[in-house]
Undergrad: 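Pasting a structure below so you can have a look.
Starting from 1, each residue takes its place in the sequence as its number. Indexing begins at 1, ligand by ligand and atom by atom, following the structure's order.
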Amino acid sequence: MNSQTVVDRLIDLFNKHGSSQYGGEAVTQAEHGLQAATHARKLGLAPCQVAAALLHDIGHLLHHFPDDAPSKGIDDQHEELGAAWLEKYFKPEVVEAVRMHVSAKRYLCSREPDYFESLSQPSVLSLKLQGGPMNESECGQFEKHRFFREAVALRKLDELAKDPLFKTPEVEDFKPELEAALLETKGNRP
Ligand code: FE
């Protein structure tokens with residue numbers, strides 16, 4: 001796929017499949033990604049971080065588990081599924097932040113007690129399936145990762161992006177950030 005095709009395919013995924021509920025939250029999958037990306041923009045984060053925020057749960061749009069998988073005891077591993085799809089087209093800082101956004105929740109629950117208090121009920125439920133808070137040695141390993149900061153920043157946006165009243169632009173509005181986040185291979189250049 002060339003850059004236009006990748007970006008259009010993602011926009012299509014949001015528009016056609018984004019209306020499913022975001023795992024027990026009061027927002028849809030599309031609203032959740034759009035809210036995370038809008039918060040990233042408002043904070044003045046880099047285009048790759050805005051793109052990662054928009055795409056962090058794309059794995060949920062690529063699999064066929066039910067919306068309420070965690071309440072049935074299923075960890076859908078959407079972060080791995082999303083990263084595996086994205087890594088063919090997007091820069092590592094996007095891909096790795098997406099891959100690590102669940103681990104970042106486990107990290108923050110261990111390092112920042114207030115963060116655990118901020119989690120929604122569905123997020124507390126999925127935390128258990130994802131392995132619970134990290135222990136000391138897991139936290140130490142996580143902090144050494146090249147994209148540790150990006151992953152933690154993304155995770156904080158994730159928690160902000162569950163507000164049914166928060167207004168965002170349409171997904172098409174994020175084309176510039178998506179294009180800036182693509183790998184600079186010949187086929188991806190606009
Ligand atoms: Fe999320």
Undergrad: Between Glu79 and Lys105, is there a salt bridge with N-O shorter than 4.0 Å?
TA: no
Undergrad: Please table the atom pairs, donor to acceptor, closer than 3.5 Å between any side-chain atom in residues 160-170 and protein atoms at least two apart or in another chain.
TA:
residue	atom	partner	partner atom	Å
Lys162	NZ	Glu159	OE2	2.8
Asp163	OD1	Leu165	N	2.8

Undergrad: Tyr107 and Arg155: side-chain donor and acceptor closer than 3.5 Å?
TA: no
Undergrad: What angle, in degrees and rounded to 10°, do you get at the Fe ion (ligand 1) when you join it to NE2 of His32 and to OD2 of Asp158?
TA: 120°
Undergrad: Would you say the Fe ion (ligand 1) has His101 as a near neighbour, meaning an N/O/S atom of that residue under 2.8 Å away?
TA: no
Undergrad: Any salt bridge between Arg146 and Glu93, counting N to O under 4.0 Å?
TA: no
Undergrad: For N/O/S atoms only: which one belongs to Asp57 and is nearest the Fe ion (ligand 1)?
TA: OD2
